[in-house]
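Notes follow once the structure below has been shown.
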Amino acid sequence: MASLSCSASDLAPLLSASSTANATAAATFLCSQFTTISNQLSDASYAINNTYLLFSAYLVFAMQLGFAMLCAGSVRAKNTMNIMLTNVLDAAAGGLSYYLFGFAFAFGSPSNGFIGHHFFGLKNIPSLAIGDYSFFLYQWAFAIAAAGITSGSIAERTQFVAYLIYSSFLTGFVYPLVSHWFWSSDGWASPTRHDNLLFGSGVIDFAGSGVVHMVGGIAGLWGALIEGPRIGRFDRTGRAVILKGHSASLVVLGSLLLWFGWYGFNPGSFLIILKSYGESEGYYGQWSAIGRTAVTTTLAGCTAALSTLFTKRLLVGHWNVTDVCNGLLGGFAAITSGCSVVEPWAAIICGLVASWVLIGFNKLAEKLKYDDPLEAAQLHGGCGAWGLLFTGLFATKKYINEVYQGVPGRPYGLFMGSGGKLLAAQIIQILVIVGWVTATMGPLFYVLNKLKLLRISSEDEMQGMDLTRHGGFAYIYHDEDDQSYNTSSGFALRRIEPSNGSPAINVQNTPSPNV
């Protein structure tokens, strides 16, 4: 927005018909009015941008509800309360650790390229260097999203204390350093550095395919590897046994809530909305880029969902709503890196490949006897890595120069006519995130396991943590793999699967053995 300025010496000659004193007084009065208007416009601009960021933060936080519903539906009924509670505590424990340490490590500017060291406990916030409280809230919502991803990988077999420890450590230290490297203006690989850009570009990870999704996915990978698979996930011959989640309805509800929240995750990462991209096109500005980002996000998710639907139909012979929901989220995780700098048609390619990446990693996980109840490592880690590579291939020159201004000649996508410098930067990010999370979260899970603080006992796992750790079941439900289940009175609900023979009955009443 153009600034308004006025001085009495500028206006006095224009009022020369009057006496000099009167002209000066009139000019001073007019200038004071212009100054007032300018200040009000500046305040309005700040308020609009701040409100936009707050609303985006609320949308991203609403993704926690999506994670909770998705996790609950993907586990067996006997662990429902446990996984719901862990999602609540990811936000609660992450809130305190990010307030005390995480935000300062991530955005404590001025700092070195490795770690921030200002604003501990939000001291000196609001600040001209970093912004207002709304920026903290938005970044906290991102941090707890990474922790929520990890909780899905280690679901149904992890002690409660382990959740508290890893969640605090991830949001207070591991994740903040990664976000500092790639998002802070002081970070060594940030595209917003003032000088010494990595490969002349810096890493383009606009909303966090690497910073959020890969960090959460790789952390979950190590947790699940060190814990080992759930009891019954693989039989004695090594053949995979599907342990179905108890509610496809909750899976769909959670996926749609996450879809809704992604409109704060990706478009909200612009942080401000009131910014013009040039005088020649007054109607075109950051508001247009925000709309385009929402479109690319939508197209990638939609394409991934449809591709997963038909690919899995060819592979397994039926339509599976859970697979479609995971494919949808895989498309979103992939497009998150380049959503602001690619054309809508490229987003379709991103989603298409993301679905195949997810299916391929799931096949590999099965062969390696790796058990991840929510496919979190494959989805967020695998599709997040593909998203970074995709950005290095398809980022356009025009959009990069608009979103990341101030560096003429910045490299863009290899397939869009530039060289491979941006792609090289993206590959560096993938390697660094894998190495950093492995070096921090791997030892943490290993130590917890050695101290017997990681995995629950086999008896507790068979009975379900709701009963043994949380005072009772969330609701009466018969998990089909639980052979020890017995109703004491009344009726119990059971899942009824369609068969090739007679039509399935929708509800089956199981009489009490006491009747």
Side-chain angles (χ1 to χ4, degrees), residues 64 67-76 78-94 143-171 174-175 212-234 243 245-246 251 254 326 329 361-362 365-366 368-382 384 434 437-438 440-458 460-462 464-466 468-470:
Q64 286 299 118
F67 277 126
M69 296 297 101
L70 178 66
C71 290
S74 298
V75 302
R76 289 164 291 179
K78 60 187 179 182
N79 295 309
T80 302
M81 285 203 298
N82 174 264
I83 197 68
M84 295 284 275
L85 184 56
T86 60
N87 275 272
V88 173
L89 289 179
D90 280 339
I144 60 175
I149 292 167
T150 304
S151 68
S153 294
I154 56 178
E156 297 203 282
R157 60 206 191 273
T158 305
Q159 291 192 46
F160 197 66
V161 65
Y163 280 110
L164 291 173
I165 293 172
Y166 97 77
S167 181
S168 299
F169 184 60
L170 183 66
T171 56
V174 178
Y175 167 84
V212 178
H213 295 283
M214 277 196 68
V215 168
I218 300 301
L221 172 68
W222 282 107
L225 281 174
I226 292 172
E227 275 192 314
R230 292 167 291 173
I231 296 174
R233 180 65 177 90
F234 299 95
L243 301 180
H246 80 280
V251 170
N326 284 338
L329 300 179
F361 273 114
N362 281 336
E366 191 173 294
L368 297 177
K369 297 181 177 59
Y370 169 78
D371 181 24
D372 187 327
L374 275 90
E375 303 175 5
Q378 303 94 297
L379 193 161
H380 298 278
V434 171
V437 178
T438 298
T440 51
M441 296 303 294
L444 174 66
F445 283 121
Y446 180 80
V447 170
L448 290 174
N449 191 48
K450 284 296 184 180
L451 295 176
K452 301 187 183 304
L453 295 175
L454 185 59
R455 183 157 186 162
I456 60 175
S457 67
S458 57
D460 286 355
E461 186 174 345
M462 291 297 292
M465 284 184 282
D466 286 2
T468 61
R469 302 296 178 99
H470 302 290

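Proximity of L329 to L70: side-chain heavy atoms (C-beta onward) are separated by under 4.5 Å at one or more points. Between R469 and N82, every side-chain heavy-atom pair lies at or beyond the 4.5 Å cut-off.
Counting all heavy atoms, side chain and backbone alike, D372 lies closest to A377 at OD2-N, 2.9 Å. Taking all atoms of both residues into account, the shortest heavy-atom contact from A147 to S167 is CB-OG, 4.0 Å. Closest heavy-atom contact between L374 and G152: CD1-O, 3.5 Å. Shortest non-hydrogen contact noted between A68 and M84 is O-SD, 3.5 Å. Minimum interatomic distance between M465 and N79 (heavy atoms only, all atoms of both residues): N-OD1, 2.9 Å. Looking at every heavy atom in both residues, I154 comes nearest to G223 through CG2-C, 3.5 Å.
By the side-chain hydrogen bond (donor to acceptor under 3.5 Å, both in side chains) test, E461 is found to be paired with R455, residues two or more places apart in sequence or in another chain being considered. Applying the side-chain contact (heavy atoms from CB on, under 4.5 Å) criterion to L85, with sequence neighbours excluded, gives L89, F160, H470. Under the rule for a side-chain hydrogen bond (donor to acceptor under 3.5 Å, both in side chains), T86 has no partner lying at least two apart in sequence or in another chain. For T150, the side-chain contact (heavy atoms from CB on, under 4.5 Å) partners at least two apart in sequence or on another chain are Y166, L170, A219, F445. Every side-chain contact (heavy atoms from CB on, under 4.5 Å) that L225 has, sequence neighbours left out, goes to L221, W222, Y370. In this structure, the salt bridge (Lys or Arg N to Asp or Glu O under 4.0 Å) partners of R230, at least two apart in sequence or on a different chain, are E156, D371. With sequence neighbours excluded, the residues forming a side-chain contact (heavy atoms from CB on, under 4.5 Å) with A162 are T158, L448, L454, listed by chain and number.
Residue pairs meeting the salt bridge (charged side-chain N to carboxylate O under 4.0 Å, His left out) criterion with at least one member in residues 216-226: none, sequence neighbours excluded. Listed by first and then second residue, the salt bridge (charged side-chain N to carboxylate O under 4.0 Å, His left out) pairs that reach into residues 212-229 are R157-E227, sequence neighbours excluded. The salt bridge (charged side-chain N to carboxylate O under 4.0 Å, His left out) analysis of residues 373-382, with sequence neighbours excluded, yields no pairs.
Under a 3.5 Å cut-off, the side chain of H213 and the backbone N or O of G382 do not form any donor-acceptor pair.
Atom-to-atom distance recorded for I83:CD1 and F67:CZ is 11.5 Å, nearest 0.5 angstrom. Remark: I144 CD1 to T171 OG1 distance equals 9.0 Å, nearest 0.5 Å. We find the CG-CG distance between D460 and D466 to be 11.5 Å, quoted to the nearest 0.5 Å. Atom OG of S74 sits about 12.5 Å away from atom CG of L243, to the nearest 0.5 Å. The OG atom of S457 sits 11.5 Å away from atom NZ of K452, with the distance rounded to the nearest 0.5 Å.
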